[in-house]
Colleague: 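Handing you a structure now.
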Amino acid sequence: MHGHDDGENGIDNGFAEQGFANIGAWILGRNMFGPVRGPWPDESWKGWWGDEPPYHVPVFVLTHHARAPLEMKGGTTFHFVTDGIHTALEQARAAASDRDVRLGGGVATIREYLRAGLVDELHLPVRPVLLGAGEHLWRDLDMRALGYECAKHVEGRGPCMCSCAGGQAEVGYLFEEPSRP
């Protein structure tokens, strides 16, 4: 787990560490911030993570319902953006300065940014576990039509990292093979 001394080493850990390196701001969909739907009934919900979220940088939450910024311990301030993905990206880039902006999901948010051609790089861990219906990341999303092609892959003990590139964007996928006895 990021920020802890225990856990695995190897390809998965390397990609996780890389995913947190040089991050100056995050963008999240509202469902990643919390379970509250529709207008905010009040401002009591402060996220899934307790008093100190794991971000430690500004976070821009896409929502249809305005809310005042929320400052938390550890340097995280949540900014609630009602003007769409382009405004959220513009604000996140300004906050990040010369560092990267990380798109933290959820599925609908990732799909919007992919369709708009605004994703530079995507690391997606995929595991062979059935969790239920959920949201479908790739439904009606033709990555080739959006200009993405497989550029490279890195094999490990179980996972395989495949990077797809298209124009100025690069998208990566992490495929995990089932473990064998």
Side-chain angles (χ1 to χ4, degrees), residues 1-4 7 12 15-127 131-141 143 146 148 168-174:
M1 178 181 273
H2 181 71
H4 294 272
D12 286 340
F15 284 119
E17 286 177 350
Q18 181 182 352
F20 280 88
N22 199 42
I23 301 300
W26 285 68
I27 297 174
L28 302 177
R30 179 161 171 188
N31 294 353
M32 295 298 291
F33 177 75
V36 180
R37 304 296 179 258
W40 302 98
D42 55 44
E43 295 191 0
S44 62
W45 179 261
K46 298 186 186 319
W48 303 99
W49 32 75
D51 293 335
E52 188 172 350
Y55 306 106
H56 307 288
V57 295
V59 178
F60 297 85
V61 179
L62 291 160
T63 179
H64 296 290
H65 305 280
R67 181 173 172 174
L70 172 63
E71 291 186 36
M72 305 283 288
K73 290 181 183 174
T76 302
T77 299
F78 292 98
H79 302 274
F80 300 90
V81 181
T82 59
D83 297 336
I85 65 170
H86 295 281
T87 299
L89 182 57
E90 181 180 303
Q91 291 177 10
R93 281 181 174 156
S97 188
D98 61 343
R99 294 180 293 162
D100 295 328
V101 173
R102 182 167 180 183
L103 180 59
V107 170
T109 299
I110 292 170
R111 290 172 55 83
E112 279 191 77
Y113 278 94
L114 282 170
R115 278 207 169 113
L118 298 172
V119 175
D120 294 319
E121 184 177 333
L122 174 67
H123 170 228
L124 180 66
V126 178
R127 298 199 182 260
L131 299 174
E135 292 184 67
H136 299 272
L137 180 61
W138 307 119
R139 178 171 288 157
D140 301 324
L141 196 63
M143 296 300 283
L146 291 171
Y148 297 102
Q168 296 180 356
E170 188 172 290
V171 178
Y173 309 92
L174 178 64

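Computed over heavy atoms, backbone and side chain alike; hydrogens, waters and symmetry mates excluded.
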Colleague: Could you report the tightest heavy-atom contact between Pro69 and Thr77, atom names first, then the distance?
Modeller: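 In this case the closest contact between Pro69 and Thr77 is CB-CG2, 4.2 Å.
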Colleague: Are the side chains of Leu137 and Arg111 in contact, using a 4.5 Å heavy-atom criterion?
Modeller: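 In short, these two side chains touch, coming nearer than 4.5 Å.
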Colleague: Can you tell me how far apart CZ (Arg93) and CG (Asp100) are? Round to the nearest 0.5 Å.
Modeller: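 Reported value, rounded in 0.5 Å steps: 10.5 Å.
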Colleague: Nearest 0.5 Å, what's the CG-CZ distance between Leu62 and Arg30?
Modeller: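 The distance works out to 11.5 Å.
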Colleague: Aromatic contact between Trp26 and Phe78, with the criterion being ring centroids under 6.0 Å apart: yes or no?
Modeller: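 Trp26 vs Phe78: aromatic centres not under 6.0 Å.
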Colleague: Contact between Arg102 and Val57 at the side-chain level, heavy atoms closer than 4.5 Å - yes or no?
Modeller: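 A side-chain contact under 4.5 Å is absent here.
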Colleague: Roughly how far, to the nearest 0.5 Å, is the CG atom of Leu89 from the CG atom of Leu103?
Modeller: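 With rounding to 0.5 Å, CG (Leu103) is 9.0 Å from CG (Leu89).
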Colleague: Taking NE2 in His136 as the centre, count heavy atoms belonging to other residues, nucleotides or ligands within less than 6.0 Å. Is the count above 12?
Modeller: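 Buried by this count: over 12 neighbours within 6.0 Å.
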Colleague: Can you see which heavy atom on Ala95 is nearest to which on Ala25, and at what distance?
Modeller: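 Heavy atoms only, the tightest pair is CB-CB, 4.5 Å.
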Colleague: Please indicate whether Glu43 has more than 12 foreign heavy atoms, meaning atoms of other residues, nucleotides or ligands, lying under 6.0 Å from its CD.
Modeller: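 Atom CD in Glu43 is packed in, count exceeds 12.
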Colleague: List the atom of Ala116, the atom of Ile85, and the distance in Å for their closest heavy-atom pair.
Modeller: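 The answer is CB-CD1, 3.9 Å.
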Colleague: If I compare all heavy atoms of Met72 with all of Trp49, which pair ends up nearest, and what's the gap?
Modeller: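 Answer, listing the atom of Met72 first, then Trp49: CE-NE1, 4.3 Å.
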Colleague: Is the shortest heavy-atom distance from the side chain of Val81 to the side chain of Gln91 under 4.5 Å?
Modeller: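 Val81 reaches Gln91 side chain to side chain.
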Colleague: Minimum heavy-atom separation for Val36 and Pro41, please, with both atom names.
Modeller: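 Between these two residues, the closest heavy atoms are CG1-CD, 3.6 Å.
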Colleague: Has Arg139 got more than 12 heavy atoms of other residues, nucleotides or ligands less than 6.0 Å from its CZ?
Modeller: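 No.
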Colleague: Short question: side chain of His56, backbone of Gly75 - any donor-acceptor pair under 3.5 Å?
Modeller: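 No: the side chain of His56 does not pair with the backbone of Gly75.
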Colleague: Does the side chain of Thr82 reach to within under 4.5 Å of the side chain of Arg67, using non-hydrogen atoms?
Modeller: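 Answer no - side chains too far apart.
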Colleague: So if I apply the ring-ring contact (aromatic ring centres under 6.0 Å, His included) rule between Phe80 and each of Trp40, Trp45, Phe60, which one comes out positive?
Modeller: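 Per the ring-ring contact (aromatic ring centres under 6.0 Å, His included) rule, the option paired with Phe80 is Trp40, out of Trp40, Trp45, Phe60.
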Colleague: Rounded to the nearest 0.5 Å, how far apart are CH2 of Trp48 and CZ of Phe33?
Modeller: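 With rounding to 0.5 Å, CH2 (Trp48) is 10.5 Å from CZ (Phe33).
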Colleague: Can you tell me how far CG of Leu146 sits from CZ of Arg115, rounded to the nearest 0.5 angstrom?
Modeller: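 Reported value, rounded in 0.5 Å steps: 7.5 Å.
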Colleague: What's the spacing between Glu71 CD and His79 NE2 if we round to 0.5 Å?
Modeller: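 The NE2 atom of His79 is 8.0 Å from CD of Glu71, to the nearest 0.5 Å.
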